[in-house]
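Reviewing the structure listed below.
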Number of protein chains: 2
Amino acid sequence: MVDTAAKLLSEARELIVQGGYNGFSYADLSARLGIRKASIHHHFPSKAGLVVAVVEQARSAIRAQIGLVQNENSIAWDQLLAYIGYWERCIKEQTAPFCLAAVLAAELPNLPEEVATSVRGHFVDLSTWLERVLSLGVSQGSIRLQDTPAIEAQTFIATVYGAMLAARAWDDPDRFTAIVDSFTNRIRVRRQ
Amino acid sequence: MVDTAAKLLSEARELIVQGGYNGFSYADLSARLGIRKASIHHHFPSKAGLVVAVVEQARSAIRAQIGLVQNENSIAWDQLLAYIGYWERCIKEQTAPFCLAAVLAAELPNLPEEVATSVRGHFVDLSTWLERVLSLGVSQGSIRLQDTPAIEAQTFIATVYGAMLAARAWDDPDRFTAIVDSFTNRIRVRRQ
DNA sequence: ATATGCCAACCTATAAGTAGGTAGGTACTG
DNA sequence: CAGTACCTACCTACTTATAGGTTGGCATAT
């Protein structure tokens, strides 16, 4: 039985992905969950606090992924493809057609400071994870980089987010795949 | 003597780039220009109309650039570098640290239909221009593509916008350059 | 009794927009 | 030349709707 706070986080995430920080209100959540705004304030006294909670939830998931990379049985290339595949499915199925942090980053100068801090932390967490995946891939011989793993991780994130934007603008999920493939093709070591 | 409507477009553009469609109001413009909101409505009766006008102004500039590519003296590589250089300067100087269409595209599902249509048109216009530049570069022997010029133009746009997002998230203009360089390095034909 | 989670009622601020008016400038007409 | 009409661009005052949030209360579960 999922509790109200969790549902609020989930719905808030969808609404943010759809229209950004200022594009949704407690009234939207109220309509979606069938509870009054005052009840939402009970769980999340401020909008900024709610959005921080949404971003922090996403960051927790990334940090869990970081933990998985530490597992010595993990295969870097598979993890990278899994991440890409996750977004491909989300974009095709329109379940999560855009990364929360990306849509918030686009309006970063206008965000409440605590939200901006959390969004930046999300970028740092994600790049930390990817840096480790890429480094592992290099040591496993499946990945070849032209720059440091840190720089390449940031490049990859930018590519993924740009690809999401393209998929959204052209209303074509294949744009996402094509654009991300140009990155993966560049770094992949072919075995023959 | 720049007229009021032009100033409104210019300020609206800055405000949109800062915080998106819902992140600014007529009151912000009123404060910036020192005129009352009702006066702004005189020039632009609706917010959607104002934002469409801002986007259409940007599209006009792109179409002017398309005209320049038709000039047989133009050098594709120089045009590409000029476009990149333009954004590098804007991001470093914080004069226009993000592309209008990109920040609007991030919240596309929530935009009024006429605005969404205009934003999509902006993507089409920009990719049309870039497609021509890339095709010209190929025929001039300075550019080598791995896919069709149309696909590569879209990839480039995604890269540029993703790079802007990265520069904004990391608050580091060099992120933009590094990420875009990975694209230009891939397509550039070296002469030696 | 306490904690949790919901509610009604309410508040202030602000958003997009409307209606009627004024002032200055320009063009036209007698 | 003066008067008139029209245009442009601003204004005051106002409207409705909605946003984020506050306060006190009720119901249920432990």
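In what follows, every chain begins at residue 1, and chains take the letters A, B, ... in the order their sequences are listed.
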For this session: Might you point out which heavy atoms bring B:Gly20 and B:Phe24 nearest each other, and give the distance in Å?
Result: O-CD2, 3.7 Å
Problem set entry | By side-chain hydrogen bond (donor to acceptor under 3.5 Å, both in side chains) - contacts of B:Ser182 (at least two apart) | none
Exercise. If only atom types and distance count, is the side chain of B:Gln140 paired as donor or acceptor with the main-chain N or O of B:Ser74 below 3.5 Å?
Worked result: yes
For this session: Check whether the ring centres of B:Phe156 and B:Tyr161 lie less than 6.0 Å apart, and answer yes or no.
Result: no
Problem set entry | Strand contacts (DNA chain C) in residues 20-30 of chain B, 4.0 angstrom heavy-atom criterion | B:Phe24, B:Ser25, B:Tyr26, B:Ala27
Problem set entry | Sugar-phosphate only, base, or nothing, as touched by A:Gly49 at under 4.0 Å among non-hydrogen atoms | nothing
Exercise. Which part of the nucleic acid does B:Arg36 contact within heavy-atom distance under 4.0 Å: base, sugar-phosphate only, or nothing?
Worked result: base
For this session: Would you list the pairs meeting side-chain hydrogen bond (donor to acceptor under 3.5 Å, both in side chains) in which at least one residue belongs to residues 106-118 of chain A, sequence neighbours left out?
Result: A:Glu56-A:Ser118
For this session: Determine, for A:Arg188 against A:Asp181, whether the closest basic-nitrogen to carboxylate-oxygen distance falls under 4.0 angstrom.
Result: no
For this session: Could you note down all residue pairs passing side-chain hydrogen bond (donor to acceptor under 3.5 Å, both in side chains) where residues 141-150 of chain B supplies at least one of them, sequence neighbours left out?
Result: B:Gln146-B:Arg186
Exercise. Tell me, do A:Gln79 and A:Trp129 make a side-chain contact under 4.5 Å, heavy atoms counted?
Worked result: yes
Exercise. By a strict heavy-atom criterion of less than 4.0 Å, which residues belonging to residues 37-44 of chain A are in contact with DNA chain C?
Worked result: A:Ala38, A:Ser39, A:His42, A:His43
For this session: Give the rounded distance in Å between these two atoms: CD1 of A:Ile35 and P of C:dA8.
Result: 12 Å
Exercise. To the nearest Å, how far apart are B:Leu15 CG and C:dA15 P?
Worked result: 12 Å
Exercise. Just the endpoints, please: which first and last nucleotides of DNA chain D, 5' to 3', lie under 4.0 Å from a heavy atom of chain B?
Worked result: D:dA9 to D:dT12
Exercise. Going by distance alone, is a donor N or O of one side chain under 3.5 Å from an acceptor N or O of the other, for B:Ser127 and B:Gln154?
Worked result: no
Exercise. Ring centroid separation for B:Phe176 and B:Trp87, is it under 6.0 angstrom?
Worked result: no
